[in-house]
**Q** 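Pasting a structure below so you can have a look.
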Amino acid sequence: MTESAQTKQRPGQVERYDPRAIERKWQARWERDGLYRTPDDDPRPKWYALTMLPYTSGDLHIGHWYAMAPSDTAARYKRMNGYNVLFPMGFDAFGLPAENAAIKNQTHPAEWTFANVERMRGQLKLMGAMFDWDREVVTASPDYYKWTQWWFLKLLEHDLAYKKKASVWWCPNDQTVLANEQVVDGRCERCDAVVAKRDLEQWFFRITRYADELLDFSKLEWPDQVISMQRNWIGRSEGAELRFGLDVPGVAEKEVRVFTTRPDTVYGVTFFVVAPEHPLVEQITTLEQRDAVRAYVDAARKQSEIERQSTEGEKTGVFTGAYVINLFTGKQVPVWTADYVLYTYGTGAVMGVPGHDQRDFDFAKKYGLPIVPVYKHPDWDGGELTAALGHGGTMINSGPFDGTPDGQSIPAVVKYAEQQGYGRGTVNYRLRDWLISRQRMWGAPIPVVYCEKDGAVPVPESDLPVLLPDDAEFRPTGESPLTYHERFLYTTCPLCGGPARRETDTMDTFMCSSWYQMRYIDPHNPERPFSRELAKQWLPVDQYTGGAEHAVMHLLYTRFFTKAARDMGVVEFAEPFTRLFNQGQILGPDGQRMSKSRGNVISPDSQVEKWGADTFRTYLMFLGPWDEGGPYDPSGINGAYRWLNRVWNAVLGGIETAAKAGAPETRELRRWTHRTIEKVTADIAQFRFNTMIAALMEYTNYLTKLRETGAVVDADAWREARESLTLLLAPIVPHLAEELWERQGKPYSVHTQAWPTFDAALAAADEVEVPVQVNGKVRERLMLPLDAPEDVARERALASASVQQHLAGKEIARLIYVPNRLVNIVVKG
RNA sequence: GCCGAAGUGGCGGAAUGGCAGACGCGACGGUCUCAAAAACCGUUGGGCGGCAACGCUCGUGUGGGUUCGAAUCCCACCUUCGGCACCA
């Protein structure tokens, strides 16, 4: 059949686009050929593209497709640009939901988890992504958690892990520890009992040791909002730690320290506040105050941290009956306990300066405590204060510092404090050490045993992994089965061989996901977490993508892990992810988060079955900007399907061709082709997938129109057009592009081809439409040559009749000309 | 509450200092059909005027400001979303 004969065909007369057949065919072929296997020995530059691994929650969700299909497109684009691309996938498989399922179904969490892995892997494969499945990792498999345990031992060895008491939610009825999620309105979600906090010995990692280095983002290409959130999370503040004297009979401590960012206001301290959890509270409280203080502390321990940190609600507190001495003045101030002071921040105690701190001011007003200003603030008339004073003015009521201006006062007071031994200048962080202990079964066991003689002893590396029992029995209480599993619990001490008990806590799942990116590079290594040579070759990750909900915790923990690994000599770089992109959340059609309870969950499988993976990928990328997410409304998906049909018909349907290289139609076609390559290349490189697809749709619409109007173009220009379109589509719709490529008689595979390049001269337009405004309102549109000089634009603009009409009787004050954009004539009168 | 984002037609969005509404959905009208679906073609922000091509005018959460010019920059407010350390 000649091409001119094909032109006569109406769309639909070409063999129909059959996505299901095409997708099955190519997925099988790719798998058979190992097209997406990533070689380690490859001369091309490496590119490590990584998408956050999914949690094994059951079924694959639209959100997983939304996260992975665009990142697959980006990875494929890199591949076509000459990189040896590593794009692995795995499963985050430990965690609370598996235990809930186990309790509900009376099975082992492993059963539920690994069944989910199987199902989700199958669902993921329908996407046609270039995942290298030979490198899959599952964090709950012993081959993997052996190395998670190894990391724990390493951190312990380097003094980055330690034990201390920390509070957990405790359900007195179920006799079990609860996660934050399991506490609903201060009650146990299972039995509705009122919960409280309980202190347990738990393991921590010293992330605070890296606080300053974690504030250095200079080598990262990360979104500003993530950097800003991490910066605030770390919360560095400069100030001083000041000592206050304590003299309570029967109490060993002779001082209490506070951290303050305003040491210059120390002469204005009129009271002192200690966090309710602070052990000192119980010790210093006087007999008369005991009942009131205990009741207050009990109430405070039932609140969540978010409630505690609220600055809006009325401040409450109770006087302990005790006093501390302000060393600067030698005077006593009363000690209160109040829930607006957090035990986990600073020293868990603050000095109350109501004259210069609004929270302290409110507190003093409420409880009738004195208010002493220590600055003569320019806005203050010397009368009674109605609010705390801000910065500014000179010091008063401050002994030797009276007259010191704000700006010099802090260093002066700190220097004096250090000379007198009253305290010292210091830096405090909001960041706390990372609590990794979980009183749960479905996690990597902490590899430590407790021996009566030797205490806490790390399990030797050669004994790893400490395996989870495969016959765990979940009792209805929800208590971790490890605590009553005798075969797991009783062991011998690695040091003395005497009887010992295993640590029954497991590790936070964030630990599993803090190093998984390193395991993908050498996932089957039985000797080490990964080989040094492969680490040098592949790490760090070049491009990481995932949800913004991980902006702080996961991403900060992983950065900490990497820095610790560097200091332990395990890797030679300091940051795990060079570039980061956060995709937005995909919501249900109602604009709400998809969840089973809302009944707005739409399964990706049914959509893929109905439309094909390529259509579904296209639709998700076309929805809107990837970083914004948005509501998923399946009623729009047919638009994507229609477009792919137009592509099919345009590429395979043909057009009337003849040797007409110089004809305007041919020039126009080549301009469209090169302009589209330019636009798509710019968009895909910046993850602007929605506008990339819009540009491809416009191009397809143009080609369709060209065909239907019976235009005659040069054969080479047409070949260039259909080839370019196919190559531009390859990262987006991998199956369709492969099929179109084959049907054009091109060699397998389209995915190993080079990305098309454009010629800027061919892409450029000869003329541009330029609006002419009079006082900002468009009155005329001119076709001007590209980059027309100002005098030409001015002359043409002033020659316009409709412009003249609006200029009549007025004086031209100014004429603004922005080449290729607009002319604006500003008139007076 | 604190930290971080976002508000544009009936809907998803485009435009990030220069023509507001690209591209798509939906809707309406048409072609094809016995009919419907599909497919294809056309119209589609509101108001006013015109038989019409078109012209005028309002319009990007609310109020103010900067600028020749603001969806875009600044200030204040309102609403929605993400995170807040044991959901992952």
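So that the names make sense, note that chain A is the first sequence line, chain B the second, and so on, each numbered from 1.
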**Q** Touch check for A:K197, heavy atoms < 4.0 angstrom, all strands: base, sugar-phosphate only, or nothing?
**A** nothing

**Q** Counting just side-chain N and O atoms, does A:R432 come under 4.0 Å of either OP1 or OP2 of B:A85?
**A** no

**Q** Please classify the nucleic acid contact of A:F510 as base, sugar-phosphate, or nothing, using heavy-atom distances under 4.0 Å.
**A** base

**Q** Please tell me which of A:R438 and A:D224 maps to the more 5' nucleotide of RNA chain B, matching each residue to the nucleotide holding its nearest heavy atom.
**A** A:D224

**Q** Using the C1' atom as the point on both nucleotides, what is the distance between B:C11 and B:G45, in whole Å?
**A** 13 Å

**Q** Assess the side chains of A:E628 and A:Q583: does a donor N or O sit below 3.5 Å from an acceptor N or O?
**A** no

**Q** Tell me what A:M697 touches on the nucleic acid: a base, only sugar-phosphate, or nothing, going by heavy atoms under 4.0 Å.
**A** sugar-phosphate

**Q** How close or far is atom P of B:A85 from atom CG of A:L435, stated in whole angstroms?
**A** 12 Å

**Q** Could you check whether A:D683 and A:T691, counting side-chain N and O atoms only, form a donor-acceptor pair closer than 3.5 Å?
**A** yes

**Q** Could you identify the nucleotide paired to B:C23, looking across every strand shown and requiring Watson-Crick or G-U wobble geometry with both distances under 3.5 Å?
**A** B:G12

**Q** When you get a sec, tell me which of B:A85, B:A88, B:C68 is the closest nucleotide to the side chain of A:I816?
**A** B:C68

**Q** Between B:U8 and B:A14, how far is it from one P atom to the other, in whole Å?
**A** 11 Å

**Q** Can you check the distance between B:G26 and B:A52, where both ends of the measurement are the P atom (answer in whole Å)?
**A** 29 Å

**Q** Verify the contact: side-chain N or O of A:N232 to OP1 or OP2 of B:G4, cut-off strictly under 4.0 Å; return yes or no.
**A** yes

**Q** For B:U33, what is the paired nucleotide under Watson-Crick or G-U wobble rules, both distances under 3.5 Å?
**A** none

**Q** For A:K777 and for A:M229, locate the closest nucleotide of RNA chain B by heavy-atom distance; then report the residue assigned to the nucleotide nearer the 5' terminus.
**A** A:M229

**Q** Will you find, in the side chains of A:D360 and A:Y340, an N or O donor that is under 3.5 Å from an N or O acceptor?
**A** yes

**Q** For B:C86, does the base pair up with any side-chain atom of A:Q202 as donor and acceptor (N or O, under 3.5 Å, distance only)?
**A** yes

**Q** Could you tell me the Watson-Crick or G-U partner of B:G69, where both distances fall under 3.5 Å? Say none if there is no partner.
**A** none

**Q** Over all strands shown, is A:D627 touching base, sugar-phosphate only, or nothing at heavy-atom distances under 4.0 angstrom?
**A** nothing

**Q** When rounded to the nearest Å, what value does the distance between C1' atoms of B:C3 and B:G10 take?
**A** 36 Å

**Q** Measure CG/A:D508 against P/B:C87 and give the value in whole Å, please.
**A** 9 Å

**Q** Report the relative orientation of the aromatic rings in A:H550 and A:F510; use parallel for angles under 30°, tilted for 30 to 60°, perpendicular for over 60°.
**A** perpendicular

**Q** Taking only the P atom of each, what is the distance from B:G64 to B:A53 in whole angstrom?
**A** 37 Å

**Q** Does A:S228 place a side-chain N or O at less than 4.0 Å from the phosphate oxygens OP1/OP2 of B:G4?
**A** yes

**Q** Rounded to the Å, how far apart are A:Q585 CD and B:C87 C1'?
**A** 13 Å

**Q** Using a heavy-atom cut-off of under 4.0 Å over every strand shown, decide if A:S513 touches base, sugar-phosphate, or nothing.
**A** nothing

**Q** Which nucleotide, B:C3, B:G18, B:C40, lies nearest any side-chain atom of A:E708?
**A** B:C40

**Q** Does A:N701 make a side-chain N or O approach to OP1 or OP2 of B:G24 shorter than 4.0 Å?
**A** yes

**Q** Any side-chain donor paired with an acceptor under 3.5 Å for A:W643 and A:T700?
**A** yes

**Q** Can you find a side chain N or O atom of A:K315 that sits less than 4.0 Å from OP1 or OP2 on B:G1?
**A** no

**Q** Hey, is the side chain of A:R642 poking within less than 4.0 Å of OP1 or OP2 on B:A39, counting only N and O atoms?
**A** yes

**Q** Give a yes/no on whether any side-chain N or O of A:R779 is located under 4.0 angstrom from OP1 or OP2 of B:U57.
**A** yes

**Q** Looking for any heavy atom pair under 4.0 Å, which part of the strands does A:I693 touch: base, sugar-phosphate only, or nothing?
**A** nothing

**Q** Which atom names give the shortest non-hydrogen contact between A:I207 and A:D433, and what distance separates them?
**A** N-OD1, 3.2 Å

**Q** Using Watson-Crick or G-U wobble geometry with both distances below 3.5 Å, tell me the partner of B:G42, or none.
**A** B:C28

**Q** Quick one about A:Q202 and A:S437 (side-chain donor to acceptor, distance below 3.5 Å, no hydrogens or angles considered), yes or no?
**A** no

**Q** Can you figure out which of B:G13, B:G42, B:G26 approaches the side chain of A:P625 most closely?
**A** B:G13

**Q** Please classify the nucleic acid contact of A:R430 as base, sugar-phosphate, or nothing, using heavy-atom distances under 4.0 Å.
**A** base

**Q** Can you tell me how the ring of A:W626 sits relative to the ring of A:F687, calling it parallel under 30°, perpendicular over 60° and tilted otherwise?
**A** perpendicular

**Q** Grab the CG-P distance between A:D433 and B:C86 for me, whole Å please.
**A** 12 Å

**Q** Within the structure shown, what part of the strands sits under 4.0 Å from A:G95 by heavy-atom distance: base, sugar-phosphate, or nothing?
**A** sugar-phosphate

**Q** B:G82, OP1 or OP2 - any side-chain N/O from A:R593 closer than 4.0 Å?
**A** yes

**Q** Taking atom types as modelled and ignoring hydrogens, do the side chains of A:W442 and A:T506 form a donor-acceptor contact shorter than 3.5 angstrom?
**A** no

**Q** Quote, to the nearest angstrom, the P distance that separates B:U57 from B:G7.
**A** 29 Å

**Q** When we call it a touch if two heavy atoms are under 4.0 Å apart, what does A:F622 touch: a base, just sugar-phosphate, or nothing?
**A** base

**Q** A:N824 has a side chain; which of B:C25, B:G69, B:A88 sits nearest to it?
**A** B:G69

**Q** Checking side-chain polar atoms at under 3.5 Å, does A:W65 have a donor or acceptor matched by the opposite partner on A:Y632?
**A** no

**Q** Using a 4.0 Å heavy-atom cut-off, does A:H554 contact any base of the nucleic acid, only the sugar-phosphate backbone, or nothing at all?
**A** nothing

**Q** Is B:G10 in the syn or the anti form, by the rule that syn lies within 90° of 0?
**A** anti

**Q** Looking only at side-chain atoms of A:E698, point me to the closest of B:G13, B:A22, B:G83.
**A** B:A22

**Q** Remember a base hit wins even if backbone is also touched, and classify A:D633 as base, sugar-phosphate or nothing at under 4.0 Å, heavy atoms.
**A** nothing

**Q** Considering Watson-Crick and G-U wobble pairs with both distances under 3.5 Å, what does B:C84 pair with?
**A** B:G1

**Q** State whether A:N645 places a side-chain N or O below 4.0 Å from either non-bridging phosphate oxygen (OP1 or OP2) of B:A38.
**A** no

**Q** Base, sugar-phosphate alone, or nothing: which one does A:L623 contact when heavy atoms must sit under 4.0 Å apart?
**A** sugar-phosphate

**Q** NA contact type, A:V168, heavy-atom cut-off 4.0 Å: base, sugar-phosphate, or nothing?
**A** base

**Q** Heavy atoms only, 4.0 Å cut-off, all strands: where does A:L822 land among base, sugar-phosphate and nothing?
**A** base

**Q** Using atom P of each nucleotide, how far apart are B:C23 and B:U72 to the nearest Å?
**A** 24 Å

**Q** For the P atoms, the ones on B:G21 and on B:G55, what distance do you get once it is rounded to whole angstrom?
**A** 14 Å

**Q** Taking only side-chain N and O atoms of A:R646, does any of them lie within less than 4.0 angstrom of OP1 or OP2 on B:G24?
**A** yes

**Q** For A:K197, does the NZ atom sit with more than 12 other heavy atoms under 6.0 Å from it, leaving out its own atoms?
**A** yes

**Q** Taking the minimum atom-to-atom distance to the side chain of A:A179, which one of B:G18, B:C87, B:G4 wins?
**A** B:C87

**Q** Please name the nucleotide paired to B:C77 by Watson-Crick or G-U wobble geometry with both distances under 3.5 Å, or report none.
**A** B:G61

**Q** Specify the separation, in whole Å, of atom CG of A:N690 and atom P of B:C25.
**A** 15 Å

**Q** For a quick check, tell me whether the side chain of A:Q182 and the base of B:C87 share a donor-acceptor pair closer than 3.5 Å.
**A** no

